[in-house]
Undergrad: 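Take this structure first; my questions come after.
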Amino acid sequence: MKFTKSYEPGEFEPQIYAGWEKTGVFLPREVVANSFETETQDCYSLVMPPPNANGNLHIGHGLTIAVEDSLARYYRLRGKSTWYIPGADHAGFETWVVYERALEKDGHSRFEYSRDELYARVWKFVEEQRGNMELQLRALGASCAWRDLTFTLDENVVSRVYKTFEKMWNDGMIYRGEKLVNFCPKHQTAFADIEVEHVDEEGGLWEIAYKVASVPEDMVDSSSDFLAHELIVSTTRPETIFGDTAVAVNPKDERYQWMIGGLVELPLTGRTIPIIADEHADPEYGTGAVKITPAHDFDDFEVGERHGLERIRVISEDGRMLETAGEEFVGLTTEEARKKVLKELEEQGLLRGEKKITHAVGRCYKCGTRLEPMLKAQWFIDVERLAKGAIEKLEAEKIKFYPANKKKVLIDYLKGLKDWNISRQIPWGIPIPMFHKAPESDALDAPEWIFDTRTNLAKIEVGGVAYYRDEDTFDTWFSSSHWPIVCTNWLPGKENPYYPLNVMETASDILFAWVARMIMMGVYVTGEVPFREVYLHGLVLDAHGKKMSKSKGNVINPMELVTKYGSDAFRLGILRGRSAGMNQAFSENSVVSGRNLCNKLWNISRFIQGMVDESKSGGVVAAEMIEAEAGSEIVNEGAVQAGVELPYSTDNMGEDWICREIIKCKEEIEDDMAAYRFSEAVETLYNTIWDKYADWFIENQKLYKNVPLLKVTLEMILKMLHPFAPFVTEAIWQSLSWTEGQLIVQKWPSRLKFDAVSAENFERLVDVVSEIRRVSNELSVASNGKRWTVLYGDDSLVDDNQLLIASLARVPAVISCEGQPRGMRLALANHEVYLDVPKEVVAEYRERLEERILAVGRELDALNRRMMNSNYVDKAPAELVKETRKGIEEKERVIEGLKAELEVIG
RNA sequence: GGUUCUUUAGCUCAGUUGGCUAGAGCGCACGAUUCACAUUCGUGAGGUCACAAGUUCGAGCCUUGUAAGAACCACCA
């Protein structure tokens, strides 16, 4: 391949990815069971949170893949048998909403079809959509094992879920309960608590008079006029009045104590209902008396349980009033009914007040419809045992969290967890494997229900008795909670080196919905935690730190950025400045900066290839030789075993220095990856490649042309950047004339030999060059861009590197002053170096020089003050004090030099 | 209402166990230009580390309080 002038991602990415996929490098190495007793396979496993099969990837997926694939590629390079398992989610409710919308658009309704028909139709719909999502994952560079892609409705998932359900059923953890559930009247399904979106909104708080009809007998005497009394209740939902079965007051509330046990007349109905005492009534709120509607309010349901109250349903599943609301109201929507109720109460003079309040209302997170608390028979999981198992493992530190504080948050959540409603009234999902006796039965008793996995049949016969299938499906999270178990093919009693997963990476906002449930289920099913570490990423916000939303129009489409700047640029950009659990702004800027790095690396490689081509002596260099003899030991101070012939040598300070810097970079990346500090790893690479390798080393090599070293160092850089920018590094690797095979499966670099003293000396040279540049720049403004010759005195560093300094500092020449210094002395870098400028030009510089003397003086004062503090000298570590002393000496010397300069100027 | 987190340069963020003169990218200003790269090179300006008190020889970092913001959880009728 020829190196073009700039890197064009679009020309390489598709074929590079296809090349990887074809050669099977994404697959884990096969584990040979018990091949050697002592050999333990070094495995690394992680699963992809399955994106919705029906949709496109959004920016959150982009971050997910960038993070996970970096881990997968890094550990693959580190030599581990890496298994990154992709998935696709049937996303029960989500997909259903999309499908139902399409159905309605065609003028159809779900009620025209049987459940089995609907299931088949959605399956087809999803199958058509799924390829799209998978293409996008490839475009992002996900190095996942496509062979093992798991769809959440795959047979092995369903059978595993059924096994768990059966175990729970046998363990008595599943029960059918008639409870209030959050119900969406539009989508006609119930939700788990976790799925409800609470929105603060303005609402009314009405006060309604309930006439007292009787009081307890012993109170009749003292309050003979009780019939004249009324009890004023406060409510936000007047339309549920028809379902009231009591009025509650606080037992400690002195105003109402005497009426407890009495009756009130329920307006608009002619019924009388009891006045009961319950802590639920807050004397401070409203009038202190609250109407109790057990069938339509969560609190009231519990009050009803405590007092054995009747539950009267007055609202139907489609959000309209039932017959129980009376002839005049039946069929009205809740909104209409509310208006009518209020109007009639007003006419009867029973409406006593109306206040505006703000309260949280549960809404459907998909359509925004107000959720109706609905009395329904559903399957519930008694979560006590699940939660207990998970909490024990968490408290025993079996899982490490990034960020660490999430562990506590999770334990707190698990401690307060309520029973889990797993029934959903949508056809798209895993059918609940339960059958009941009577076709229309709403029976609750366990004997009426049997477990059976033949959910493809609506009716089955067992022991000569007919049973009918429960038409509900499982909550998606119930099956998702098995994800690590099913993806790794965990089986009871069978050794599986990929379970638990090494890491679970996902969005921090599904900590409760998913991570918590995976832990509970993992512990319950396998006895072990499902993963050893959890890395949570935050939300990707827009450039101004605002949450992205369609309505705001600030949504960034990751695929557009990939097309425009390349996959690597996107990955580098989105990892930049991001830390665990934090929501973080993201903009095209950071992607541009990633694109620039890719192009920089491309051009570095292009330049090095050019030098390789030029060099006649540059035969084949076996870079692998260093790797081959390296073992696991990491040496960074040049201590290489004697007798090993290296394929390169370092012949000058710059070469020693770059070796040192690359090794430092490598070690930092290793630390960063172990602690999931992706942002820092990328930052370090960016800085090493650009500011060190290109700006100093490559410039240095324009003079020295150490081809073997150029090859070795470039290879190392490509390997180190590969986890984050897989495409450009692979494209370069395969374009270079001397490299073989694919970069993705190379060995992580181990070490370089270099002279540490020499490397340190290069820093001095950098100081000298920087100062020449700085002063020349300042002077050039005053002298029309003229560059001045550099003179030097008795200084071996400069003497040995005249050409290099001249070229790096871009001055006409660096020559010895032959014992006759003239011009301006540069004092900061601590070398005898002069800029050969005429006095009149130097005079322009006087002011700056004076400023600098003052600045250094201030620093010197600070150090002196510290040394004058006897507490500091006594208590601070001796090393630090020594350093301070050294600092003082140095500053004093610098000031002396600067003052001497000033005198020369005169 | 509860929990957790955040507040550092114009913008977006680093700053890992307290240690000297607080860093990066972008943006901005000035300068360069055929020799890998204008997706370039060099130089520079820009900060009371939200505020207050405390611990310490020493605080961006630890403690307490205050203010502002965010996310998640939550039944206030």
Side-chain angles (χ1 to χ4, degrees), chain A residues 3 5-7 193-194 198 205 233-237 248 280-282 284-287 289-293 297-302 357 359-360 362 373 403 405-406 408-409 412-413 416 508-509 511-512 538-539 541 543-545 547 565 569 573 576-579 581-587 589-590 592-593 595-611 671-672 675 677 679-680 683 686-687 694-695 698-699 702 770 773-778 780-781 785 787 809-810 855-856 858-859 862-863 866 869-877 879-881 883-884 887:
Chain A
F3 279 100
K5 197 171 179 189
S6 62
Y7 175 62
D193 293 343
I194 192 111
H198 291 272
L205 182 67
V233 303
S234 306
T235 182
T236 55
R237 301 207 62 190
H280 167 61
D282 176 1
E284 306 289 317
Y285 192 87
T287 58
V290 54
K291 71 194 216 36
I292 302 299
T293 323
D297 182 280
F298 290 99
D299 294 323
D300 294 3
F301 180 87
E302 281 175 24
I357 55 156
H359 60 151
N405 70 299
K406 295 292 183 187
K408 181 184 174 298
V409 174
D412 289 348
Y413 169 77
S508 61
D509 59 359
L511 176 67
F512 298 151
L539 290 177
L541 308 173
H544 302 287
K547 202 168 171 173
Y565 299 106
R576 215 121 196 248
R578 206 162 290 274
S579 53
M582 295 290 301
N583 297 343
Q584 202 137 30
F586 172 69
S587 70
N589 264 347
S590 57
V592 170
S593 145
R595 188 266 318 254
N596 293 355
L597 179 67
C598 293
N599 187 59
K600 187 75 181 178
L601 186 62
W602 177 260
N603 272 290
I604 288 170
S605 310
R606 178 178 174 220
F607 183 67
I608 290 175
Q609 181 66 58
M611 285 205 266
D671 288 349
D672 288 339
R677 291 192 299 254
S679 177
E680 285 84 345
E683 200 75 44
Y686 199 103
N687 180 259
D695 288 351
I698 293 284
E699 290 305 318
K702 284 178 179 172
S770 297
R773 281 176 181 170
R774 187 173 58 244
V775 176
S776 299
N777 226 293
E778 284 165 0
S780 75
V781 180
R787 311 296 291 195
R810 300 213 249 154
V856 180
R858 278 193 294 273
E859 289 161 16
L863 292 183
R866 187 167 308 139
N869 181 343
S870 61
N871 276 324
Y872 173 73
V873 181
D874 293 348
K875 294 188 185 175
E879 238 180 55
L880 210 61
V881 177
E883 256 177 61
T884 311

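No experiment lies behind these values; they were computed from the predicted model shown. Side chains are part of it too, since the values below use all heavy atoms of this structure and drop only hydrogens, waters and symmetry mates. Lettering of chains follows the sequences in order, A, B, ..., and the numbering in each one begins at 1.
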Undergrad: Using a cut-off of 4.0 Å on non-hydrogen atoms, how would the nucleic acid contact of A/F512 be classed: base, sugar-phosphate, or nothing?
TA: sugar-phosphate
Undergrad: Quiz question: going by heavy-atom distance under 3.5 Å, is there a donor-acceptor pair between the base of B/C37 and the side chain of A/K600?
TA: yes
Undergrad: When all nucleic acid strands are considered with a 4.0 Å heavy-atom cut-off, which category describes A/R578: base, sugar-phosphate, or nothing?
TA: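 Result for A/R578 = nothing.
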Undergrad: Would A/K702 and A/F607 count as a cation-pi pair here, with the cationic atom under 6.0 angstrom from the ring centre and within 45° of the axis?
TA: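 Verdict for A/F607: a cation-pi partner in A/K702.
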Undergrad: Quick one: label A/D671 by what it contacts on the DNA or RNA (base, sugar-phosphate, nothing), any heavy atom closer than 4.0 Å.
TA: nothing
Undergrad: How would you label the contact of A/Q609 with the nucleic acid (heavy atoms, under 4.0 Å): base, sugar-phosphate, or nothing?
TA: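 A/Q609: no heavy atom of the nucleic acid under 4.0 Å.
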Undergrad: For A/S590, answer base if it contacts any base atom (sugar-phosphate contacts may also be present), sugar-phosphate if it contacts only those atoms, and nothing otherwise; contact means non-hydrogen atoms under 4.0 Å.
TA: nothing
Undergrad: Any side-chain N or O of A/R773 below 4.0 angstrom from OP1/OP2 of B/U43?
TA: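 Answer is yes, contact under 4.0 Å.
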Undergrad: Considering every strand and a 4.0 Å limit on heavy-atom distances, what is the contact class for A/D297: base, sugar-phosphate, or nothing?
TA: sugar-phosphate
Undergrad: Could you label the plane-to-plane angle of the A/F512 and A/Y413 rings as parallel, tilted or perpendicular, counting under 30° as parallel and over 60° as perpendicular?
TA: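 Taking A/Y413 first and then A/F512, their aromatic rings lie parallel (interplane angle under 30°).
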Undergrad: For RNA chain B, which consecutive runs of 3 or more Watson-Crick or G-U pairs (each distance under 3.5 Å) count as stems?
TA: B:1-7 with B:67-73, B:10-13 with B:23-26, B:28-32 with B:40-44, B:50-54 with B:62-66
Undergrad: Scan A/R606 against the nucleic acid and name what it touches under 4.0 Å (heavy atoms): base, sugar-phosphate only, or nothing.
TA: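 Answer is sugar-phosphate: A/R606 comes under 4.0 Å of backbone atoms only.
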Undergrad: Which is true for A/R677 with a 4.0 Å heavy-atom rule: it touches a base, it touches only sugar-phosphate, or it touches nothing?
TA: base
Undergrad: For A/E699, answer base if it contacts any base atom (sugar-phosphate contacts may also be present), sugar-phosphate if it contacts only those atoms, and nothing otherwise; contact means non-hydrogen atoms under 4.0 Å.
TA: base
Undergrad: Under a 3.5 Å distance rule, please check whether A/N599 uses its side chain to pair with a backbone N or O of A/Y7 as donor and acceptor.
TA: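 Yes: the side chain of A/N599 pairs with the backbone of A/Y7.
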Undergrad: What nucleotide among B/C73, B/G19, B/U39 has an atom nearest to a side-chain atom of A/N599?
TA: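 Taking heavy atoms from C-beta onward, the closest nucleotide is B/U39.
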Undergrad: Between A/L541 and A/T287, just flag the one whose closest nucleotide in RNA chain B comes earlier from the 5' side.
TA: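 The residue closer to the strand's 5' end, by nearest nucleotide, is A/L541.
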Undergrad: As a test of reading the structure: which of B/C26, B/G19, B/A77 is closest to the side chain of A/T235, going by heavy atoms?
TA: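 In terms of side-chain proximity for A/T235, the closest of B/C26, B/G19, B/A77 is B/A77.
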Undergrad: What's the closest nucleotide to the A/Y285 side chain, out of B/C41, B/A71, B/A77?
TA: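 Nearest listed nucleotide: B/A77.
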Undergrad: Under 4.0 Å, counting only non-hydrogen atoms across every strand here, what does A/P373 touch: a base, just sugar-phosphate, or nothing?
TA: nothing
Undergrad: Walk along nucleotides 3-12 of chain B from 5' to 3' and tag each nucleotide B, S or - by protein heavy-atom contact under 4.0 Å, base first, then sugar-phosphate.
TA: -SSS-----S
Undergrad: Does A/T236 reach a base, just sugar-phosphate, or nothing at all? Heavy atoms under 4.0 Å.
TA: sugar-phosphate
Undergrad: For A/I698, which contact category applies under a 4.0 Å heavy-atom criterion: base, sugar-phosphate, or nothing?
TA: base
Undergrad: Can you check whether A/T287's main-chain N or O pairs, donor with acceptor, with A/S234's side chain at less than 3.5 Å?
TA: yes
